[in-house]
Amino acid sequence: MPRRDQCQRQQRKDKADGLHGRLRSGRGCDADFNINGATKYRPRMKVLRRLLPCSKQPTSDRMLAGVRHFALGWLPKEDAPMYQPPGVKTSPDLAVPDLMKAWVLGDPDQLLLREKPTPVPSRAEVLVRIDAVAICATDLEIIHAGSPASIQGGAPFNKNFTPGHEYMGTVAALGPDVDEFRIGERVSVEIHAGCGQCKRCRQGMYTSCLNYGKPEKGHRANGFTTDGGFAEYAVNHINTLARVPDTMSDAEATLVVTAGTSMYGLTELGGLVAGESVVVIGPGPIGLLAVAVAKALGASPVILTGTRNKRLAIGGELGADRVININDEDAVEVVRQLTGGIGADYVVECAGTEATLNQAIHMTNRGGKICLAAFPHEAATLDIAHLVRNNIYAYGIRGEGKSATHRAMELMAAKRFDATRIHTHTFALADLPTALRYARDRVDDAIKVVVTNRKADAIASAAE
């Protein structure tokens, strides 16, 4: 058959079947990306470019470039063996391949597109087909410096590790005796699944599991200590799953973890009561959704501080009663004026600098609470004496414990706030390096960047 006819037949088949779920490597079209440098493709690219035409690319939308990489690199292989591990329930309606494509971390700032065995769920676990994953600032930190990820007791570099933790998807297979979920259900995921047997896990504080980083003891923190979401599939414990309503988009569902982190800090650990005052320092993704969650829970007033007027305006749309640009106003003084001179009941510190940490200390009232939600990059000198004299409580949060994501999901499903206000950019998963650059460099004032692994062919068709 002439090559042109083969190409047209393959295009028709791909369009009918959909590329997702059947994305396979033909013969080694792997690619190496350094997120600060150039792309190096394997030799097969020249041949594969003949199989699918490039759609017209608007100069303002880099996502379409990712769609083309996606199509070129992950074409289905007709004779590839399918996934059928012993004891695992699958469905012919949602075919799963034996091998999947995944981004793995090589050297610092180096991501490699590789083929890996599709993971197998054990007891109380499911296989999730990843449909979308949001990029977190912690992902950028892991890719660049390693910490806070820990693989095999050390740095995650060159260990075939897949980062990414804020993902959602579709249940594709069930581990032995799992009946809590059905194949085909859409779910969002929490990062952490504790060992279930240590003191902290029994208290519901599985994000502080005392067997943290020990998968042999049952602990999982996908994207930190075990493989994460920059891939086609991942395994998750059933306790980490929350069903996604049909009214919620894939992109919005990836934001449940971010909202759940704020919920965990304000309610489960903080004990926020309606009518109490809340200040949020730093209008990043967690800070902006902390504003939304606080307002939805009845906090008053809710105050947001930062330096970027566009982000502060989004904070106002999400419920902030007052926004403060700290370049123009003294944040501590304004907070005291707005709270009758006594300071705020709660401060959620999401910036992680020495200056903002001390602002948090001095704008909190006597007996108030400071939630530390950022990872400072350097040691800070703080006014601890002020904390002690005024009986101020400071506590850190790690992730979204005590099933806070379930409560965040309910608020989002009920439209108590619009989390999509922080979603600014979307890319195909195959164009992950570009997505990471947008998130890292805040290109076009990016806030939350989402990469999608579903219906890439439909995106390409719509663009033509």
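No experiment lies behind these values; they were computed from the predicted model shown.
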Between [X] and [Y] (side chain of the first, backbone of the second, donor and acceptor by atom type, cut-off under 3.5 Å), is there such a pair?
| X | Y | result |
| --- | --- | --- |
| Asp418 | Thr420 | yes |
| Asp131 | Ala251 | no |
| Tyr83 | Pro119 | yes |
| Tyr346 | Leu272 | yes |
| Tyr438 | Lys448 | no |
| Asp431 | Phe427 | no |
| His386 | Val388 | no |
| Glu232 | Lys101 | yes |
| Tyr395 | Gly265 | yes |
| Lys159 | Ile151 | yes |

Given Thr225 and Lys214, is the side chain to side chain donor-acceptor pair (under 3.5 Å) satisfied, shown in steps?
-> CA-CA 8 Å; Thr225 65; Lys214 299 178 180 178; over 6 Å; no

Can you tell me if [X] and [Y] form a side-chain donor-acceptor pair at under 3.5 Å?
| X | Y | result |
| --- | --- | --- |
| Asp345 | Ser277 | yes |
| Asp107 | Asn158 | yes |
| Thr170 | Glu185 | no |
| Thr405 | Glu190 | yes |
| Thr356 | Thr353 | yes |
| Lys402 | Thr207 | no |
| His219 | Asn211 | no |
| Arg398 | Tyr212 | yes |

Is [Y] close to [X] at the side-chain level, that is, under 4.5 Å between some pair of heavy atoms?
| X | Y | result |
| --- | --- | --- |
| Val347 | Ile281 | yes |
| Met263 | Leu411 | yes |
| Thr364 | Val279 | no |
| Thr267 | Leu297 | yes |

Separation of [Y] [atom2] from [X] [atom1] (nearest 0.5 Å):
| X | Y | atom1 | atom2 | result |
| --- | --- | --- | --- | --- |
| Arg186 | Ser249 | CZ | OG | 7.5 Å |
| Arg442 | Thr424 | CZ | OG1 | 11.5 Å |
| His144 | Asp139 | NE2 | CG | 14.5 Å |
| Asp250 | Thr452 | CG | OG1 | 6.0 Å |
| Asn239 | Arg220 | CG | CZ | 13.0 Å |
| Asp383 | Leu357 | CG | CG | 12.0 Å |

Take Tyr167 and Phe230 through the ring-ring contact (aromatic ring centres under 6.0 Å, His included) test and state the conclusion after the steps.
-> CA-CA 9 Å; Tyr167 59 91; Phe230 293 147; 9.1 Å; no

Just checking, Arg407 and Tyr264: is the charged tip under 6.0 Å from the six-membered ring centre and within 45° of the axis?
-> no

Inspect the surroundings of CD in Glu216 and state if more than 12 heavy atoms from other residues, nucleotides or ligands are less than 6.0 Å away.
-> yes

Look at the aromatic rings of His192 and Phe224 and report parallel, tilted or perpendicular, splitting at 30° and 60°.
-> parallel

Carboxylate-amine/guanidinium proximity below 4.0 Å for Arg322 and Glu329 = yes

If you measure from the Lys or Arg side-chain nitrogens to the Asp or Glu carboxylate oxygens, is any gap between Glu410 and Arg416 under 4.0 Å?
-> no

Quick one: side-chain contact (heavy atoms from CB on, under 4.5 Å) partners of Glu317, sequence neighbours excluded?
-> Arg421

